[in-house]
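Just so it is clear: chains get the letters A, B, ... in the order the sequence lines come, proteins before strands, and each one is counted from 1.
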Amino acid sequence: MLDTKFTPQTWPEHPEQVTQEGKNKYVGIWIFICSDIVLFASLFATYISLRNRGPAGMEFTSQELFELPLAFVMTMFLLTSSLTSVIAMYHLKNYNFKGVQLWTLATVLLGLGFLALEIYEFYHYVHIGFGYTQSAFSSAFFTLVGTHGLHVIIGLVWMLCLVFRNAKRGLNLYNAPKYFVASIYWHFIDVVWVFIFTVVYLMGVLG
Amino acid sequence: MSSVAVTKKKGVGAVIWDYLTTVDHKKLAVLYLFSGLLFFAIAGFEALLMRIQLMFPNSDFISAGTFNELLTMHGTTMLFLAATPLLFAFMNMVVPLQIGARDVAFPFLNSLGFWLFFLGATFLHLSFFMGGAPDAGWTSYASLSLYSPGHGIDFYVLGLQISGAGTLISAINFIVTIITMRAPGMTFMRLPLFTWTTLISSTLILFAFPPLTVGLFLMLVDRMFDANFFDHTMGGNTIIWEHLFWIFGHPEVYILILPAFGLFSEIIPVFARKRLFGYSSMVFATILIGFLGFMVWAHHMFTVGLGATANAIFAIATMAIAVPTGMKVFNWILTIWGGSIKVTVPMIYALGFIPSFVAGGVTGVMQATAPLDYQLHDSYFIVAHFHYVIVGGIVTAIFASFHFYWPLLFNRALNEKLGYLTFWIFFTGFHLTFFVQHFLGLMGMPRRVFTYMEGQGWDLFNFISSIGAIMMAVGVLLMVVNMLLSIKSKPVNCRDYWGDGRSLEWAIQTPIPFYNFKQLPLIRGFDAYWIEKQEGNTEGMTYAEPLGDIHMPNNSILPFIMSLGLFIAAFGALYHPDGVSWSIPVMVIGLGITVLAMIIRSVKDDLGYHLHKEEILAIEEELYGKGGNN
Amino acid sequence: MKKGLKKWSLFPVLAALAVVLSGCGEEYISALRPSGAVGKEQFNLLLLAASIMTLVVVVVSVLYLVAFAKFRRSKLGEDYMPKQVEGSHTLETIWTVIPIILLLILSVPTILATYKFADVSAMDEVDENGDPKALTINVTAKLYWWEFEYPQYGIVTAQELVVPTNEKVYFNLKAADVKHSFWIPAIGGKMDTNVENVNKFYLVFDKESAGLNDGEGVWYGKCAELCGPSHALMDFKVKSLNRDDFDAWVAAMKATEGKTASADSTDLGERTFAQNCLGCHAVSAVTPAGAAGPNLATFGDRNRVAGYLEHTKENVEAWIKDPEKYKPGNLMTGKYKELTDEEISAVADYLLGLSVEK
């Protein structure tokens with residue numbers, strides 16, 4: 001498969017599902033996402049039941065703590081990165097390897113921007129005294145949002161590995177599915193963030 | 001002994017290396033089988049010690065603290081580390097053969113799943129030698145497990161986290177395999193029932209294990225990194241653990257019982273020489289049980305104080321599960337009704353299973369009756385109930401399948417006479433042990449007690465129960481002896497060992513070559529092999545492709561290294577609360593090893609290799625003599 | 001085989017079931033011989049559920065034994081080829097509908113009883129003086145012992161619950177350290193004591209306990225949730241008295257108000273107790289709840305030492321000498337200085353003298 005030379009004309013309509021391996025990967029990532037949804041659902045449920053819970057006389061509540069502007073900017077970073085990932089997949093279907101690489105890198109950059117803001121946010125909270133061990137609320141918050149952040153890091157490392165590993169050899173039916181499932185995974189992370197934005201930040205500020 | 005006999009006379013080192021790196025589903029099945037058996041024996045021994053302690057009132061054979069460690073490890077090991085891998089062994093061995101595949105969808109992940117499970121399990125068992133095993137029960141309820149001193153609970157949390165990840169990975173693998181790797185013509189409604197139950201049970205794992213992962217993680221950070229999820233003085237809530245645990249825990253019992261149902265659904269038609277009765281309703285019932293299994297977790301929490309409405313809803317939902325389960329039981333009976341029953345060891349287990357399992361099932365409905373459960377909950381009644389289901393359902397299925405699939409696994413047969421003896425001793429012991437426990441519970445004996453005083457009317461039944469446990473232990477010992485004897489026995493070298501095989505796995509001649517099928521089969525209906533036999537096809541299958549090159553995956557040591565990294569990191573986390581200076585570095589090194597292995601896996605192409613036509617013919621000739629597989 | 005199929009032969013079996021079940025176990029601890037409204041209703045549910053379930057097991061077993069006996073290959077011949085039946089919609093419908101009907105029969109009393117047992121609205125009802133109408137007892141489960149507070153009377157006791165007969169007694173249940181579960185099998189089902197919230201339920205005691213078990217005179221209570229090494233030993237006892245006797249007991253308890261042990265006493269036992277034990281153990285029943293150790297105002301009246309040992313002076317001495325030996329993991333070990341045998345004996349005498357009934 002590696003050595004077959006393609007042109008945009010001979011390149012298949014669904015390059016991610018042509019080989020058995022590609023098809024397995026494609027089905028596999030969806031199955032994995034099913035279980036990841038349950039993982040996040042459990043964390044969300046825990047967070048909702050522990051929100052604003054803490055020892056007697058706890059200092060921080062979600063209303064005082066969260067600021068929507070920062071969360072909004074983070075949301076924009078991640079939503080845009082989903083868009084660039086879609087563009088990368090568009091180029092994948094059209095056998096435009098340069099486009100795939102470029103837009104995947106753009107996705108990575110936007111993801112890094114998101115991550116930097118999240119790190120800043122966490123640093124800020126810890127700095128003002130809202131540390132991981134401060135209350136049940138703080139533990140639940142950092143665990144939920146941090147797990148999402150960990151997913152982001154994994155996604156970034158994954159995409160970077162793909163971009164560098166394949167830089168010199170172009171698209172083929174072996175690596176096309178890899179780009180494709182990484183993109184699906186990235187969209188999933190994005191969707192989870194939308195829920196975090198709603199449940200943690202929006203509902204947190206509105207009370 | 002191995003099902004693959006291509007390369008002969010390997011040194012011990014080469015064999016070990018072969019098993020460390022193998023991605024062959026049949027070899028991984030063997031690994032699952034023996035590690036499952038090992039943990040089954042350990043957990044069984046723990047049970048025996050407990051029953052000896054409880055044989056007489058106020059006995060001091062085992063101390064209170066040790067007893068709690070034993071009961072915790074017995075439950076945890078039996079469910080996570082014995083029943084699961086033993087069933088995985090059969091899934092790994094049989095499912096690809098049943099659907100006509102050369103391997104699973106992700107051979108690499110298959111190996112990773114096993115090593116994560118095995119090293120996680122090993123980690124958990126190291127607790128016995130490193131300051132004490134977990135002692136808060138397999139349910140590890142949060143207030144007690146946070147209070148528990150020492151590292152026992154830390155071993156539990158970390159060990160299960162690692163082995164649970166392995167189980168989840170294997171489940172994803174099975175699901176994808178069954179969806180994408182079916183041979184031409186193998187539609188979903190032609191899948192053998194064991195493949196169906198594997199699919200549903202893997203789906204349950206997919207949805208049930210993440211809550212456990214989260215629960216264990218919360219427990220981990222609470223104990224090791226001072227988080228406050230379960231510390232009520234800091235705003236935490238221990239009931240969250242109970243919910244997360246049982247959202248996992250209840251599906252877990254279906255994860256185990258469904259494949260057992262599947263195994264019996266293979267065994268019964270073969271020895272009744274009759275098509276499985278009501279195939280589509282069996283499939284439907286399996287799906288329904290799986291679905292309802294997620295709706296009933298709070299029936300483990302009737303006495304927690306969730307309120308009357310929650311209790312009533314969960315009571316009714318739980319009772320509903322009896323309906324599809326009943327459908328299955330009647331379908332099995334109707335399968336043998338009008339058949340031609342040949343009594344063999346697998347069949348005698350199947351026949352023993354039906355009444356035992358029904359007895360276990362009906363006591364489940366009694367406990368679903370919430371107000372009645374206020375009396376039964378956490379008494380010996382529940383102990384009797386779930387052992388009736390687990391031993392009467394899962395363990396009998398596993399024992400039956402040892403006999404049933406041994407010819408496929410090892411090209412040897414287990415001894416029939418010894419098999420009958422084992423069955424009668426084990427089966428009698430089982431009923432003796434657990435039947436009287438129903439009454440102990442009703443007579444007021446709580447579960448998980450390390451001793452009891454005289455004068456409460458419990459002495460006789462406890463004594464009887466312990467005698468039964470000793471018989472069960474003898475039964476298991478005989479089973480192991482039978483397995484050892486099989487090494488010396490003659491290779492069976494045949495196709496369709498039981499003579500009435502119906503599904504595709506029996507169409508292959510043993511020993512099974514590592515690529516399973518030299519040509520992929522074409523499936524022409526349910527009970528694929530039966531159809532071919534009826535039409536007088538001596539080769540057992542119609543082929544979907546001409547003989548050609550076969551693509552096979554490469555072996556890899558990386559799964560083992562990835563698992564080892566987590567195993568090492570776990571020690572760092574374990575000792576973190578002690579404030580030792582090396583805990584963080586060890587965690588970093590361990591996780592680093594894992595991440596590095598993952599990156600190597602990502603950037604290094606693994607394209608597998610091609611087995612050429614001539615090589616295949618040579619292998620076939622070596623395995624089956626001149627003329628190859630005909 | 002045919003004989004076993006006759007349906008009427010099942011009914012004697014069901015009748016026998018009730019007799020056998022109710023004959024099981026000791027009256028003071030068996031859920032099969034209930035002595036309270038809650039336990040009796042649960043027992044009736046048990047009979048109903050067990051009858052239906054026995055019926056199911058019998059039907060399945062008979063069907064299966066008949067099939068097994070009739071369709072053996074040894075009878076049918078090696079070459080017999082059975083008809084390959086796919087299924088039967090009629091049969092499948094039957095064995096779907098019949099279980100549903102059986103479950104519906106069971107589910108109606110289930111739901112009714114669930115709501116009935118959860119009804120604790122009477123706890124808040126007060127009479128014209130503003131006093132609560134019903135008796136409420138606050139139960140606190142602690143590592144291996146039980147504290148019982150009677151908020152209406154301002155009294156506290158431990159390890160032996162005293163209740164009036166023939167009225168609903170309400171309980172507030174809570175755990176002080178780890179989760180436990182409060183269970184008096186002969187009276188009614190259990191309820192957990194959680195660490196973060198208070199659970200409420202009620203029990204009724206139909207019978208005075210005086211005559212039970214050849215004059216031992218108590219119901220047995222258990223902890224039903226694994227709570228550590230001494231979970232098995234976390235027993236308590238219950239005395240049920242008629243209302244008059246109960247009122248008299250309450251009055252006697254109230255009369256211990258102000259009682260304490262003096263460090264200057266001439267009695268070696270009282271002196272030693274005051275110096276070593278009084279910090280955790282009160283000897284007056286009129287004290288706030290929440291003490292570190294069980295209230296000992298009624299120690300002399302109890303049936304057991306440490307909840308499960310026979311009530312003798314030797315056992316009191318042995319317990320004081322090495323509590324860890326008798327209840328591993330208890331919180332008393334090491335909280336007091338090592339006492340001489342003479343001191344221990346004197347303390348034991350002092351403790352056995354603490355009584356409100358004598």
Trainee: Taking the side chain as C-beta and beyond, is there a heavy-atom pair between A:Glu21 and B:Leu607 under 4.5 Å?
Mentor: no

Trainee: For residues 106-115 of chain A, pull every pair meeting side-chain hydrogen bond (donor to acceptor under 3.5 Å, both in side chains), keeping only residues two or more places apart or in separate chains.
Mentor: A:Thr84-A:Thr107

Trainee: Relative to chain B, which of A:Cys161, A:Cys34, A:Ser138 shows the most heavy atom pairs under 4.5 Å?
Mentor: A:Cys34

Trainee: Check each atom of A:Arg165 against the heavy atoms of chain B and say whether the ones under 4.5 Å are side chain, backbone, both or neither.
Mentor: side chain

Trainee: For B:Leu218, which atoms come within 4.5 Å of any heavy atom of chain A: side chain, backbone, both, or neither?
Mentor: side chain

Trainee: What part of A:Leu50 gets closer than 4.5 Å to chain B, counting heavy atoms only: side chain, backbone, both or neither?
Mentor: side chain

Trainee: Rounded to the nearest 0.5 Å, what's the gap from CZ on B:Phe230 to OG on A:Ser139? Could you check?
Mentor: 10.5 Å

Trainee: Restricting to non-hydrogen atoms, name the atom on B:Gly236 and the atom on A:Ala136 that form the minimum distance, rounded to 0.1 Å.
Mentor: N-CB, 3.5 Å

Trainee: Where on B:Val221 is there a heavy atom nearer than 4.5 Å to chain A: the side chain, the backbone, both, or neither?
Mentor: side chain

Trainee: Out of curiosity, B:Phe174 CZ to A:Ile31 CD1, how far, rounded to the nearest 0.5 Å?
Mentor: 14.0 Å

Trainee: Roughly how far, to the nearest 0.5 Å, is CE of B:Met598 from CH2 of A:Trp158?
Mentor: 9.5 Å

Trainee: Which bit of B:Phe209 is near chain A, if near means a heavy-atom gap under 4.5 Å: side chain, backbone, both or neither?
Mentor: neither

Trainee: Take a 6.0 Å sphere around CZ of A:Arg53 and say whether it holds more than 12 heavy atoms from other residues, nucleotides or ligands.
Mentor: no

Trainee: Surrounding CZ of B:Phe225 (heavy atoms of other residues, nucleotides or ligands, distance under 6.0 Å), is the total greater than 12?
Mentor: yes

Trainee: Has the side chain of A:Asn24 got a donor or acceptor atom that lies under 3.5 Å from a matching backbone atom of B:Ala105?
Mentor: yes

Trainee: Pick one of side chain, backbone, both or neither for B:Thr213, based on which atoms fall under 4.5 Å of a heavy atom in chain A.
Mentor: side chain

Trainee: Rounded to the nearest 0.5 Å, what separation is found between the CZ atom of B:Phe207 and the CD1 atom of A:Ile37?
Mentor: 7.5 Å

Trainee: Within a 6.0 Å radius of atom CZ on B:Phe291, are there more than 12 heavy atoms belonging to other residues, nucleotides or ligands?
Mentor: no

Trainee: Report which part of A:Ser135 has an atom under 4.5 Å of a heavy atom belonging to chain B: side chain, backbone, both, or neither.
Mentor: both

Trainee: Report the C-alpha distance between B:Phe229 and A:Thr143 in whole Å, list the side-chain angles of each, state the deciding distance to 0.1 Å, and finish with yes or no for side-chain contact (heavy atoms from CB on, under 4.5 Å).
Mentor: CA-CA 10 Å; B:Phe229 291 101; A:Thr143 303; 3.2 Å; yes

Trainee: Considering only heavy atoms from C-beta outward, does the side chain of A:Val38 approach that of B:Leu206 to under 4.5 Å?
Mentor: no

Trainee: Roughly how far, to the nearest 0.5 Å, is the CG atom of B:Asn228 from the CZ atom of A:Phe137?
Mentor: 12.5 Å

Trainee: Could you check which of B:Asp222, B:Ile172, B:Ile169, B:Ile599 has the highest count of heavy-atom pairs closer than 4.5 Å to chain A?
Mentor: B:Ile172

Trainee: Please state whether the side chain, the backbone, both or neither of B:Leu168 comes within less than 4.5 Å of a heavy atom of chain A.
Mentor: side chain

Trainee: Are more than 12 heavy atoms from other residues, nucleotides or ligands located less than 6.0 Å from atom CZ of A:Phe195?
Mentor: no

Trainee: For A:Gln20, which atoms come within 4.5 Å of any heavy atom of chain B: side chain, backbone, both, or neither?
Mentor: side chain

Trainee: So for atom OH, which belongs to A:Tyr120, do other residues, nucleotides or ligands contribute more than 12 heavy atoms lying within a distance under 6.0 Å?
Mentor: no

Trainee: Which of residues 237-248 of chain B have a heavy atom under 4.5 Å from any heavy atom of chain A?
Mentor: B:Asn237, B:Ile240, B:Leu244

Trainee: Around A:Trp11, counting heavy atoms of other residues, nucleotides and ligands shown, do more than 12 lie under 6.0 Å from its CH2?
Mentor: yes

